[in-house]
Protein chains: 2
Amino acid sequence: MAVTIKDVAKHAGVSVSTVSKVLNDWKTISQETKDRVHASILALNYTPNARAVSFARGTTRNIIYLTALAEGEAYRNPHMFDIMCGVFTNLARQGYTMTMMDISDDEHPRETVAEIIARKSADGVVIHGSVINQEIANLIIDHEFPHIVIGHPEFDNRLCWVDTNHLLAGQYAADYLVNHDVSPVSFIGGRRNELISKERERGFRAVLLKHHKKISPEYVIHTNSTWQEGYDAVRQLLAMQEPPKAIVCENNTIAVGAARALAELGIRVPEDLFFLTFDIYPYTSILDPQPTVVDINVYDMGLQAADMIVRKIENPSLMIQSYTTLPRVITL
Amino acid sequence: MAVTIKDVAKHAGVSVSTVSKVLNDWKTISQETKDRVHASILALNYTPNARAVSFARGTTRNIIYLTALAEGEAYRNPHMFDIMCGVFTNLARQGYTMTMMDISDDEHPRETVAEIIARKSADGVVIHGSVINQEIANLIIDHEFPHIVIGHPEFDNRLCWVDTNHLLAGQYAADYLVNHDVSPVSFIGGRRNELISKERERGFRAVLLKHHKKISPEYVIHTNSTWQEGYDAVRQLLAMQEPPKAIVCENNTIAVGAARALAELGIRVPEDLFFLTFDIYPYTSILDPQPTVVDINVYDMGLQAADMIVRKIENPSLMIQSYTTLPRVITL
DNA sequence: CTGAAAGCGCTTACAG
DNA sequence: CTGAAAGCGCTTACAG
């Protein structure tokens, strides 16, 4: 039989309540009693039963991480897991556990989330931006359930969220080129209706404008984020009368195609041309030529999300909507 | 106030025990009572309190996934997360939750694992092979704590584990070349003291031997798994008097270097040379030339690990040591 | 500073 | 087929 708080109480010659108070560090307990109880705990090798503690306290010190965990997601979207590691690590530091939850093949995500809240198996939820919708948002807000969304949701501004500032990342890219006095510059964008892509382009353009460097339309090419289009775009740009001195690829997929075109054309980077992209991917480092990367440490964003969900639990009325974690420019 | 089992009992005009029995699907309850209770549950929108259930039942229906979740691990080792997704998904299907636990920066992993067991916050543990050691193994075995190790531990054969069969993967690679009647063949190996690398080479050699195709020592090159060595090895092999007609790279890092050398030399794959490697990585698909890949679906291994831990919980004396999930040859 | 006692919301022998 | 009651192992007002 496992040893319980009763056994410790008997061994130390005190009451169960006293043992509990020692365990929870009440300052009303005399040092002498504390020592005796601790000795008994050690002697009996006692560990509190987490199930009982959680039940008696009415809290779990557990956070649910809600996301989409499909097969192969780890290869397609490693950032999601790096964020998760950050959230997890910082929750653990603060004495919280983290339970995974998936709604990728869930036909009734609303009900799943409703159950999370009703079953009380967690004190809060961290939601990856890719899986949230208005229905889930309403549910969480109506129940005042502590939550943090990773990634700025576009549809509901009553939610709490953290996000990386893609606008700022675009600005960093432009700053880098302005500082190196490069001109003219070009931008190969992703899908126009994607927020991240739009934001990066907007930030990029804003800085150029500020420095009175206009970027004429023929230097901006929008793609559907395929390698082939990245490749074609570079071919097209470099065949211009005045080819650009810098190519900024809005994402890594475009950059893969771009690199191939640059390699074929024998372009030297950065001597002949500056080559930039955003985010480090597992394959960024084997691109040839090597781009300069404006990266965002999403692990750090995860750490911060963990801080925030804990603060929300302690103070549910807190409103948190925050751009966090500055980009950094990495020359590989 | 949240609605409890008492409220349901009162609403349905039955006792608390009866509601509990309905909830747990006892077959001694009359259909009429069942219907009435279910109606009340719906009417009151009742959901059992998970903390209370877990406490009363003495089980959690929770599994701990023990691994190393350092920053950037998601980029370096995406397979680990694909396995994790498989474990998680199949646990969820069987009504289990999964809690993450990390011992990467843990100075006392033994104590951490001891606490997992003592605190009873999980019914079992799935351990990634990279974080287990003899000390932890002893602890788990001594306490008869339900567990599955992902990856065959070399040091203790009392543990339960699942693994992919790397020997078999090596055999598949050789089979593929034998079937295409390629000769001579070469093998660029990783570190000689690494189990996976050794196994792949062993399987590869065994099949060749069986088919009376010897592989002479100059066609086998061992490296420390760097791109540069992969690159150099290919250069060296193709400069031989009788260059090989096939190059098998024991891992993707070597294959990156090999691909670069092949591209420079203008070698056509597979017309001039067969080019093989193991495992799909995020960047495998952008290698040029494209290798044929002997891949193992580690997500599937995760699914199977989940089945096994559940079986272990139901029957702790079960001994499970199993090679699972066949390799598959993928031509990209 | 310490302890007796109620209570957290279920499950499960046991009795009927 | 149903219910009264004990119990799971803690926490926490409350009294002293």
Side-chain angles (χ1 to χ4, degrees), chain A residues 1-41 44-62 95 97 115 117-123, chain B residues 1-41 44-62 95 97 115 117-123:
Chain A
M1 231 20 255
V3 17
T4 72
I5 199 172
K6 266 190 186 169
D7 303 316
V8 176
K10 190 172 297 172
H11 186 276
V14 297
S15 73
V16 163
S17 356
T18 301
V19 176
S20 175
K21 284 165 189 161
V22 172
L23 251 20
N24 292 291
D25 233 7
W26 287 34
K27 56 254 138 257
T28 62
I29 305 289
S30 74
Q31 190 58 48
E32 192 256 318
T33 309
K34 272 186 191 168
D35 292 344
R36 201 141 42 89
V37 171
H38 277 131
S40 300
I41 287 172
L44 300 178
N45 191 24
Y46 167 71
T47 310
N49 181 320
R51 292 191 290 257
V53 172
S54 155
F55 174 57
R57 258 208 271 262
T59 75
T60 54
R61 291 193 79 84
N62 179 230
T97 57
E115 265 215 22
I117 297 172
R119 288 177 56 79
K120 302 180 198 309
S121 48
D123 301 340
Chain B
M1 228 22 252
V3 19
T4 73
I5 198 171
K6 266 189 187 169
D7 303 316
V8 176
K10 188 172 299 173
H11 186 276
V14 296
S15 73
V16 164
S17 358
T18 300
V19 176
S20 175
K21 283 164 190 161
V22 172
L23 250 19
N24 292 289
D25 232 6
W26 286 32
K27 57 254 135 254
T28 62
I29 305 289
S30 73
Q31 190 58 47
E32 192 258 316
T33 309
K34 273 186 191 167
D35 292 344
R36 200 142 41 90
V37 171
H38 277 131
S40 299
I41 288 173
L44 301 176
N45 191 22
Y46 167 70
T47 310
N49 180 320
R51 292 192 289 258
V53 173
S54 158
F55 173 57
R57 258 209 271 264
T59 74
T60 54
R61 291 193 79 84
N62 180 231
T97 56
E115 264 215 22
I117 298 172
R119 287 177 56 81
K120 304 181 198 309
S121 49
D123 302 340

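Chain A is the first sequence line, chain B the second, and so forth, proteins listed ahead of strands; every chain is numbered from 1. Basis for what follows: all heavy atoms, side chains included, without hydrogens, waters or symmetry-related copies.
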> Rounding to a whole Å, what distance do you find between B:Lys21:NZ and D:dC1:C1'?
Replying inline: 9 Å

> Do A:Val3 and A:Asn45 have side-chain heavy atoms sitting under 4.5 Å apart?
Replying inline: no

>> Tell me which residues in residues 9-19 of chain A lie within less than 4.0 Å of DNA chain D, going by non-hydrogen atoms.
In response: A:Val16, A:Ser17

>> Test your reading of the model: is there a side-chain donor-acceptor pair from B:Asn24 to the backbone of B:Lys21, 3.5 Å cut-off?
In response: no

> CZ of A:Arg36 versus P of C:dC1: gap in Å, rounded?
Replying inline: 14 Å

> Side chains of B:Leu23 and B:Ile41: closer than 4.5 Å at any heavy-atom pair?
Replying inline: yes

> Between the side chain of B:Arg51 and the main-chain N/O of A:Gly58, is any donor-acceptor distance below 3.5 Å?
Replying inline: yes

> Got a donor-acceptor contact below 3.5 angstrom from the B:Arg61 side chain to the B:Thr97 backbone?
Replying inline: no

> What is the distance from atom OG of A:Ser40 to atom NZ of A:Lys10, rounded to the nearest 0.5 Å?
Replying inline: 12.5 Å

> For DNA chain C, what residues of residues 49-62 of chain A have any heavy atom nearer than 4.0 Å?
Replying inline: A:Phe55, A:Ala56

> Rounded to the nearest 0.5 Å, what separation is found between the CG atom of B:Asp123 and the OG1 atom of B:Thr59?
Replying inline: 5.0 Å

> Touch check for A:Lys6, heavy atoms < 4.0 angstrom, all strands: base, sugar-phosphate only, or nothing?
Replying inline: nothing

> With respect to the phosphate group of D:dC8, does any side-chain polar atom (N or O) of A:Thr4 fall under 4.0 Å of OP1 or OP2?
Replying inline: no

> Counting just side-chain N and O atoms, does A:Tyr46 come under 4.0 Å of either OP1 or OP2 of D:dC10?
Replying inline: yes

>> Are there runs of at least three consecutive Watson-Crick or G-U pairs touching DNA chain C, with each pair's two distances under 3.5 angstrom? Give them by first number.
In response: C:1-3 with D:14-16, C:5-12 with D:5-12, C:14-16 with D:1-3

>> Quick check against the 3.5 Å criterion: does B:Asp35 have a side-chain atom that pairs as donor or acceptor with the backbone of B:Glu32?
In response: no

> If you draw a 6.0 Å radius around NZ in A:Lys34, do more than 12 non-hydrogen atoms from other residues or ligands fall strictly inside?
Replying inline: yes

> Do B:Val19 and B:Val16 have side-chain heavy atoms sitting under 4.5 Å apart?
Replying inline: no

> NZ of A:Lys27 versus C1' of C:dT2: gap in Å, rounded?
Replying inline: 14 Å

> In whole Å, what is the span from the CG atom of B:Asn24 to the P atom of C:dA13?
Replying inline: 12 Å

>> Using modelled atom types and a 3.5 Å cut-off, is there a donor and acceptor pairing between side-chain atoms of A:Arg119 and backbone atoms of B:Asn49?
In response: no

> Could you state the CZ-P distance from B:Arg119 to D:dC8, rounded to the nearest angstrom?
Replying inline: 20 Å

> D:dG9 base to B:Lys120 side chain: any donor-acceptor pair below 3.5 Å?
Replying inline: no

> With sugar-phosphate meaning primed atoms plus P, OP1 and OP2, does B:Ser30 contact a base, only sugar-phosphate, or nothing at under 4.0 Å between heavy atoms?
Replying inline: sugar-phosphate

> Once you round it to whole Å, what is the distance between P of C:dC14 and CH2 of B:Trp26?
Replying inline: 12 Å

> Looking at side-chain heavy atoms only, is the closest gap between A:Lys120 and A:Thr60 below 4.5 Å?
Replying inline: no

> Looking at the side chain of B:Ile5, which of C:dT2, D:dT2, C:dT11 is the nearest nucleotide?
Replying inline: C:dT11

>> Rounding to an integer number of Å, can you tell me how far B:Ile29 CD1 sits from C:dT11 C1'?
In response: 13 Å

> Whole Å only: how far is the CG atom of A:Asp25 from the P atom of C:dC1?
Replying inline: 14 Å

